[in-house]
Amino acid sequence: MILQIKDDFDPRKIIQSGQCFRATEEKPDTYRFVTQSHVVRLTDRGENNWEADCPQKEWNEVWRPYFDLDRHYAAVRVAIDPEDQALLRMAETSAGIRILRQEPWEMLITFIISQRKNIPAIRRSVESLCRLCGERIEDDLYTFPTPQALCELSDEQLTGCSLGYRAPYVHDAAHRVAEGTLDLEALKNMEDGALLSALETVRGVGIKVANCVSLFAYGRVDCAPVDVWIARVIECYYNGRNPFARYEKNGGIYQQYMFYYAQQTKLEC
DNA sequence: GCGCAGGTAATCT
DNA sequence: AGATTACCTGCG
């Protein structure tokens, strides 16, 4: 099916924006995304037209919310303070990025794994876990493992996925979710502050990872994770001052623009 | 061989 | 509260 997406939409930037680690550019101009047991390939047909290899119904029910298509990102960029020259420039470079609505469980584990790893290393670890105990969807494509599946892995198997000291964190999270001590579904109804606190009760989850999960799984666009790249942006362009304070909302989206820009330009002061 | 990378938690002052 | 350090792995 062919669909037209008029608002900001650039899958290549989304894939490189550090929010998802299983999506790929399969071949030039064709991008593959995975969520639960769904897979979609999007091919750029120009003029804002995209070919999606899934039925209309699946697009509407799964991918439309996944790509957050009901939010007007161009308007979010327009709302940037004209005096905020740095953000204007970063948003221009990053236009097309959207905040994907991904699975809370997958985000929790993925961002626990992410600490002190670069993007390729995160991809490898997640890929290994999926191969090891995900369900097969296609030839070489697997679902993200369930909490039960991760729970049953041995320390050796977890360590074999290059989790290192994070292995007990992953196991602990899997255990809590599998036995119901941590109900990721119930967190959806919480206010941002309560959600962050609840996430931080998991071992291996600090303020940064909690913000990532809130933003990328629960759509909390006011949550702005500060990692070393954002710290550099704050240092280089904002004199150490909080760049999000002047904005009432959408700090998480602006954070994503900053992150992509900093990463792409290997920002140094 | 050594230092560092998209962080957290324990242990200091 | 704020600073320091160990932690597993891969890479230059």
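Note that the coordinates shown come from a computational prediction; the quantities given were computed from them, not determined experimentally. To find a chain, count down the sequence lines: A is the first, B the second, and so on, and within it residues start at 1.
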- Message: For A:S17, run the side chain to side chain donor-acceptor pair (under 3.5 Å) check against A:Q256, A:R98, A:R12 and tell me which one passes.
- Response: A:Q256

- Rounded to whole angstrom units, what separation is found between the CG atom of A:D155 and the P atom of C:dC8? 12 Å

- Task: Represent DNA chain C in dot-bracket notation, 5' to 3'. Only Watson-Crick or G-U wobble pairs with both distances under 3.5 Å count; pseudoknot-style crossings use [ ] and interstrand partners use |.
- Result: |||||||.||||

- Of all the choices, C:dC7, C:dG10, B:dT8, which nucleotide is nearest to the side chain of A:Y165 once you look at every atom? C:dC7

- Message: For A:F9 and A:W50, I'd like to know if the aromatic rings sit close, meaning centre-to-centre distance below 6.0 Å.
- Response: yes

- Query: Roughly, in whole Å, what's the span from CD1 in A:I112 to C1' in C:dC7?
  - Reply: 15 Å

- Note on the structure: Taken to the nearest whole Å, CD/A:E268 to P/B:dA5 is 11 Å

- Message: Angle between ring planes, A:F259 versus A:W229, binned at 30° and 60°: parallel, tilted or perpendicular?
- Response: perpendicular

- Query: In whole angstroms, how far is the C1' atom of C:dG10 from the CZ atom of A:R123?
  - Reply: 17 Å

- Item | Ring centre gap for A:F244 and A:Y238 strictly below 6.0 Å | no

- Task: Identify the residue among A:E58, A:K57, A:Q56 that makes a side-chain contact (heavy atoms from CB on, under 4.5 Å) with A:C54.
- Result: A:E58

- A:E156 CD to C:dT9 C1', straight-line distance once rounded to whole Å: 17 Å

- May I ask you to verify if any side-chain N or O of A:S162 is less than 4.0 angstrom from the OP1 or OP2 atom of C:dG10? yes

- Message: Less than 4.5 Å apart, side chain to side chain, heavy atoms only: is that true for A:K117 and A:R124?
- Response: no

- Side-chain donor/acceptor of A:Y31 to backbone N/O of A:D10, under 3.5 Å: no

- Query: A:Q115 or A:A121: which one's nearest nucleotide on DNA chain C is closer to the 5' end?
  - Reply: A:Q115

- Ordered by number, residues from residues 93-104 of chain A within less than 4.0 Å of DNA chain C (heavy atoms) are none

- Message: Would you say that A:L87 contacts A:D81 through its side chain, given a criterion of any heavy-atom pair below 4.5 Å between the two side chains?
- Response: no

- When the distance from CZ of A:R124 to C1' of C:dC11 is rounded to whole Å, what number comes out? 9 Å

- Task: Could you check which of C:dG10, C:dC7, C:dT9 has an atom nearest any side-chain atom of A:T159?
- Result: C:dT9

- Heavy-atom pair of closest approach, residues A:L195 and A:S214: CD2-OG, 3.6 Å

- Message: Measuring from the side chain of A:R166 (C-beta onward, heavy atoms only), which nucleotide among C:dC8, B:dT8, C:dT9 has the closest atom?
- Response: C:dC8

- Do A:S125 side-chain atoms and A:I122 backbone N/O form a donor-acceptor pair below 3.5 Å? no

- What is the distance from atom CG of A:N211 to atom CG of A:L196, rounded to the nearest 0.5 Å? 5.0 Å

- Write down the distance between CD1 (A:I109) and C1' (B:dT8), rounded to a whole number of angstrom. 15 Å

- Task: Give one of base, sugar-phosphate or nothing for A:F259, where a contact means two heavy atoms less than 4.0 Å apart.
- Result: base

- Can you tell me the distance, in whole Å, between the CG atom of A:L163 and the P atom of C:dG10? 11 Å

Short heteroatom pairs, N/O only, protein and nucleotides 9-13 of chain B, under 3.5 Å:
from: B:dA9; atom 1: OP1; to: A:G204; atom 2: N; distance (Å): 2.7
from: B:dA9; atom 1: OP1; to: A:V205; atom 2: N; distance (Å): 3.4

- Message: Using the P atom as the point on both nucleotides, what is the distance between B:dT11 and C:dC8, in whole Å?
- Response: 16 Å

- A:I112 backbone acceptor or donor facing A:Q115 side chain under 3.5 Å: yes

